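Shown next, in structure tokens, is the structure this report addresses.
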Amino acid sequence: MLNKYARAFFTRVLTPFASMLLRAGISPDAVTLIGTAGSVAGALAFFPRGEFFWGTIVITLFIFSDLVDGNMARQAGRSSKWGAFLDSTLDRVADSAIFGGIAMWYAGKGDNLLLCAVALFCLACGQVVSYTKARAESLGLPCDVSGLVERAERLVVTLVAAGLAGLHGFGVPYIDWLLPIALWLIAVGSFITVLQRMLTVRREAAEAQGAGVA
């Protein structure tokens, strides 16, 4: 849902920056790699230590590469299947680092195995949400349903909650509860999204089979 509206807005905002990078001789693939490396480093360096505010700041700075690299490719007329594959694959890597870093905190000094499990469930469901669509399309079945929680929703809700929860370290009371609430919301929303996509593909498969028999 957020992906539909936010991407168009940020694409317009980031177009001049994308043009500047192209003029500097930087390739879209390089931006993708740097953005992923920065997001992974920010998540794994800060989140396992409970430094959610600064971790979120670092991740946010790099995560916009997901919008910049595609913009650069379109401007340069170099959009390719390889670029799309690289971008999607590294998105999964960055997501794993973010939720993995949160899980590491709760497994360690955060001392809450239930929330560690919820964070891992969010990680797994996020991967499955993407896989269901990719697998359906590889079988020639459309999966034209966004679902309740896509990657944009997962990242925005999680990072906003994590950044605000990090203010607890600066003396803001009770705000650390925002992250657990966000994780539960993402877990439930992601599970519903997986079910939505599975039901859609099941319907499409049944219709395709019926048309073949007819």
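Positions are given from 1 along the sequence. Just so it is clear, the model here is predicted, and its values are computed rather than measured.
- Summarising the geometry, atom CH2 belonging to Trp184 is positioned 9.0 Å from atom SG belonging to Cys122; distances are rounded to the nearest 0.5 Å.
- Taking both residues in full, the closest heavy atoms of Leu178 and Ala161 are given as O-CB, 3.7 Å, listed atom of the first, atom of the second, then distance.
- Relative orientation of the Phe53 and Phe170 rings is perpendicular, given thresholds of 30° and 60° on the angle between their planes.
- Between the side chains of Asp29 and Trp82, at least one donor N or O sits under 3.5 Å from an acceptor N or O.
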Open item on the list: Using side chain to side chain contact (heavy atoms under 4.5 Å, CB included), reason through Asp87 and Asp69 one step at a time and then give a plain yes or no.
Closed with: CA-CA 8 Å; Asp87 188 52; Asp69 55 4; 3.0 Å; yes
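- Criterion: ILVMFWY side-chain heavy atoms under 4.5 Å apart, direct or through other members. Under it, Val128 and Val157 are not part of a common hydrophobic cluster.
- Cluster annotation: Val201 and Ile192 are assigned to distinct hydrophobic clusters (Ile/Leu/Val/Met/Phe/Trp/Tyr, side-chain heavy-atom contacts under 4.5 Å, transitive).
- There is a side-chain donor-acceptor pair under 3.5 Å between Ser96 and Gln127.
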TODO: I would like to know whether Leu141 and Glu137 meet side chain to side chain contact (heavy atoms under 4.5 Å, CB included); could you show each step before the answer?
DONE: CA-CA 5 Å; Leu141 297 170; Glu137 291 176 346; over 6 Å; no
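- Listed here is the closest heavy atom pair of Gly140 and Pro142: O-CD, 4.0 Å.
- Taken from CZ in Arg135 to SG in Cys143, the straight-line distance is 13.0 Å, to the nearest 0.5 Å.
- Rounded to the nearest 0.5 angstrom, Ile98 CD1 and Leu123 CG are separated by 10.0 Å.
- Looking only at side-chain heavy atoms (C-beta outward), Phe52 and Ile57 stay at 4.5 Å or farther from each other.
- In this structure, the side chains of Val129 and Arg154 come closer than 4.5 Å at one or more pairs of heavy atoms.
- Panel note: side chain Thr193, backbone Val149; a donor-acceptor pair is recorded below 3.5 Å.
- Phe47 places a side-chain heavy atom less than 4.5 Å from the side chain of Ile59.
- The minimum heavy-atom distance linking Cys116 with Ala103 is given by the pair SG-O, 3.5 Å.
- Between the CG atom in Leu33 and the CG atom in Leu86 there is a gap of 5.5 Å [rounded to 0.5 Å].
- Heavy atoms only, all atoms of each residue included: Ala94 and Arg151 are closest at CB-NH2, 4.2 Å.
- Of the inter-residue distances, the one linking Ile186 atom CD1 with Thr158 atom OG1 reads 4.5 Å to the nearest 0.5 angstrom.
- The backbone N or O of Gly166 lies less than 3.5 Å from no partner atom in the side chain of Glu51, so there is not a single donor-acceptor pair.
- For the residue pair Ser19/Gln75, the side-chain donor-acceptor check at 3.5 Å is satisfied.
- Looking at heavy atoms from C-beta onward, Leu90 lies in side-chain contact with Val93 at the 4.5 angstrom threshold.
- Hydrophobic clustering (ILVMFWY, side-chain heavy atoms < 4.5 Å, transitive): Leu120 and Val40 are in distinct clusters.
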Open item on the list: Could you go through Tyr131 and Val194, starting from their C-alpha distance and side-chain angles, then the distance that decides it, and tell me whether this counts as side chain to side chain contact (heavy atoms under 4.5 Å, CB included)?
Closed with: CA-CA 10 Å; Tyr131 175 79; Val194 170; over 6 Å; no
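- For Arg197 and Glu204, the salt-bridge test fails: no basic side-chain N is under 4.0 Å from an acidic carboxylate O.
- When the side chains of ILVMFWY residues are joined at heavy-atom separations under 4.5 Å, either directly or via intervening members, Tyr106 and Leu113 end up in two distinct hydrophobic clusters.
- Using a 4.5 Å cut-off on side-chain heavy atoms (C-beta onward), Phe99 and Phe121 make no contact.
- Counting heavy atoms from C-beta on, the side chains of Val68 and Leu21 come closer than 4.5 Å.
- No path of Ile, Leu, Val, Met, Phe, Trp and Tyr side chains, each step under 4.5 Å between heavy atoms, connects Trp177 with Ile175, placing them in separate hydrophobic clusters.
- Put simply, the side chain of Val58 does not reach to within 4.5 Å of the side chain of Trp54, judged on heavy atoms.
- Among all heavy-atom pairs drawn from Gly163 and Thr56, the shortest one is N-OG1, 3.3 Å.
- Ser130 places a side-chain heavy atom less than 4.5 Å from the side chain of Arg92.
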Open item on the list: For Trp105 and Leu115: C-alpha separation, side-chain torsions, deciding distance, then whether side chain to side chain contact (heavy atoms under 4.5 Å, CB included) applies.
Closed with: CA-CA 10 Å; Trp105 161 250; Leu115 288 177; over 6 Å; no
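- Listed here is the closest heavy atom pair of Ile102 and Ala119: CG2-CB, 4.1 Å.
- For the atom pair Ser27 OG and Ile34 CD1, the distance stands at 8.0 Å (nearest 0.5 Å).
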